[in-house]
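Just below is one structure, and these are the notes that go with it.
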2 protein chains.
Amino acid sequence: MLENETAAIPKDCAECPIRHRAVCARCEADELEQLDDIKYYRSFEAGQTVIWAGDKMDFVGSVVSGIATLTQTMEDGRTQMVGLLLPSDFVGRPGRETAAYDVVATSDLVMCCFRKKPFEELMAVTPHIGQRLLEMTLDELDAAREWMLVLGRKTAREKIASLLSIIARRDATLKLAGAGGPMVFDLPLTREAMADYLGLTLETVSRQISALKRDGVIALEGKRHVTIPDFDRLLDEAGDDSDGGMLA
Amino acid sequence: MLENETAAIPKDCAECPIRHRAVCARCEADELEQLDDIKYYRSFEAGQTVIWAGDKMDFVGSVVSGIATLTQTMEDGRTQMVGLLLPSDFVGRPGRETAAYDVVATSDLVMCCFRKKPFEELMAVTPHIGQRLLEMTLDELDAAREWMLVLGRKTAREKIASLLSIIARRDATLKLAGAGGPMVFDLPLTREAMADYLGLTLETVSRQISALKRDGVIALEGKRHVTIPDFDRLLDEAGDDSDGGMLA
DNA sequence: CGGAAGCCTTGACCCAGATCAAAACGCTCG
DNA sequence: CGAGCGTTTTGATCTGGGTCAAGGCTTCCG
């Protein structure tokens, strides 16, 4: 997990790994320069909290590398993950003073942050930013709604299968692997984090993963390394329409 | 339920009840005129389906009056409501061809629709529309995430209390009633629709409502008319921080 | 007025997943 | 190497909410 000293911080937007998928995706060279003036990088170690819900938040930003979670906690300690932040995902809300959720780095994390005030001003005069942010927010809303179905109506086994298929699908698009062959990836979450995402207990998560393994739906090597021999089978277990619904 | 022949269709944007809260909220007079050119009203009766998930959708629009639901259904019939559309809420997504969810009128419904293509073009040149839509979408995302906590971690009783408090709060803001006194409103949903929203069965919904009534948290007159003698008590039952969290 | 169709409530029973408890599996570190 | 700690697995038991089954209450309509 410590490939680099502090993980790669891009020297320049041009070589930034999320250049084409983040809020800045549609920006022209001059707009990038303006963003550059108000931006700074921050690194977090795995386990560190980026912000606590309710804290004053004077920046917004993008995940450059690593994974973070967005969680909500009740007074008695019950917690629910409400978002999984992957590279290019946006954190924070223009026009809001305080953080609405806890943001925690699940792996080592690099963020590209913008001071909030200037970012808001820039957004007002740079349609490209607002347009892209709208698009990303609509995508997140869709993801949240899909997750509502998972939380409200799926069984524990289906929930696990749903989570695995989402992670597998994302990983496949990053690796641009040709379809067909078995998919292989590492789980970026602990059993407890999965439980928080799925509205289950960690014991149930563990049991269902064991069951899927026993039934040959997945193969495990160690606790985290997953192989999926037949993706359609997994989708079936997830209760999803197995049309493979490939949204472009 | 049939107060008006077809419910009130505004003659003019100026007298439109959602003028200041819908996508058009920030538009100037000339922008409104342009929207006017591509808009038309549609009315639906309670129970009618506005669109089916997957259908081609050549419009977007706002709820003017009445209530609609956004639901997702699995092949085996399990359904989950993923959104409750109230007056001023926006339906549809610029840039998407087909509907992602079933939209059903729960009460008699009037919508102000815009042909999608021209709306998208107008959006590209009218920042006010995109800005407002972004703001609304961010609000919906927050609501969806709050709902994820309800679905994933709350007990049946807490779920019912959460739903009642949301409806009560909304009703209070519409009526601008001074705080303090008992809150009174009509449930806009059947037990089954509540169950679909809460990820429960209608039997459980019924039982928990009876229990809340028995315990004096709510009072019922008929099946739908609800009185809440002590709103803080209800919030407490919902498991929410009872700081009254009034977000401006 | 009687019947039928929608909603809603209530009861009896059952099971998926929670809870409680213990042990196994890596690790890092002295 | 062994101690200690965080993570994961597995077992035993309990329970909240699902399922199945009967009515009850309204409203509509012939």
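Here is how names work: the chains are called A, B, and so on, in the same order as the sequence lines, proteins then strands, and each is numbered from 1. What you see below is based on every heavy atom in this structure, not just the backbone, and it leaves out hydrogens, waters and symmetry mates.
Computed from coordinates, the A/K213 NZ to D/dT10 C1' distance equals 13 Å when rounded to whole Å. Between the CG atom of A/L202 and the C1' atom of D/dG11 there is a distance of 15 Å, rounded to whole Å. The CG-P distance, from B/L198 to D/dG18, rounds to 10 Å in whole Å. Distance CD1 (B/I209) to C1' (C/dC7): 12 Å, rounded to an integer number of Å. Rounded to an integer number of Å, the gap from B/R78 CZ to D/dG17 C1' is 16 Å. Computed from coordinates, the A/L220 CG to D/dT7 P distance equals 18 Å when rounded to whole Å. Atom CD in B/E203 sits roughly 14 Å away from atom P in D/dG17 (whole-Å rounding).
B/D215 places no side-chain N or O within 3.5 Å of a backbone atom of B/V217 that could act as its donor or acceptor partner. Proximity of a side-chain donor or acceptor of A/D108 to a complementary backbone N or O of A/A46 within less than 3.5 Å is detected.
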Heteroatom pairs (N/O) under 3.5 angstrom, protein to nucleotides 26-29 of chain D:
none

Contact list (N/O, under 3.5 angstrom) for nucleotides 16-18 of chain C vs protein:
{"from": "C/dG17", "atom 1": "OP1", "to": "A/A156", "atom 2": "N", "distance (Å)": "2.7"}
{"from": "C/dA18", "atom 1": "OP2", "to": "A/T201", "atom 2": "OG1", "distance (Å)": "3.2"}
{"from": "C/dA18", "atom 1": "OP2", "to": "A/T204", "atom 2": "OG1", "distance (Å)": "2.4"}

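Among residues two or more places apart in sequence or in another chain, the side chain to side chain donor-acceptor pair (under 3.5 Å) test is passed with A/T71 by none. Here B/S206 pairs with nothing under the side chain to side chain donor-acceptor pair (under 3.5 Å) rule; sequence neighbours left out. For A/E237, the salt bridge (Lys or Arg N to Asp or Glu O under 4.0 Å) criterion is met by A/R157, A/R233, not counting sequence neighbours. For A/E158, the salt bridge (Lys or Arg N to Asp or Glu O under 4.0 Å) partners two or more places apart in sequence, or in a different chain, are B/R78. Residues passing the salt bridge (Lys or Arg N to Asp or Glu O under 4.0 Å) test with B/K154, sequence neighbours excluded: B/D240. Under the rule for a side chain to side chain donor-acceptor pair (under 3.5 Å), A/S88 has no partner lying at least two apart in sequence or in another chain.
Among residue pairs with one or both ends in residues 152-175 of chain B, none qualify as ring pair (Phe, Tyr, Trp, His ring centres under 6.0 Å); sequence neighbours excluded. Applying the salt bridge (charged side-chain N to carboxylate O under 4.0 Å, His left out) rule to pairs touching residues 48-73 of chain B yields nothing, sequence neighbours excluded. Residue pairs meeting the side-chain hydrogen bond (donor to acceptor under 3.5 Å, both in side chains) criterion with at least one partner in residues 139-153 of chain B, sequence neighbours excluded, are A/R93-B/D139, A/R93-B/D142, A/R96-B/D142, A/Y101-B/D142, A/E140-B/R145, A/R145-B/E140, A/D196-B/R153.
Residues from residues 184-192 of chain B with heavy atoms under 4.0 angstrom of DNA chain C, sorted by number: B/T190, B/R191.
Using a 4.0 Å heavy-atom distance criterion, A/S206 is classed as a base contact.
OP1 or OP2 of D/dT8 lies within a sub-4.0 Å distance of a side-chain N or O belonging to A/R224.
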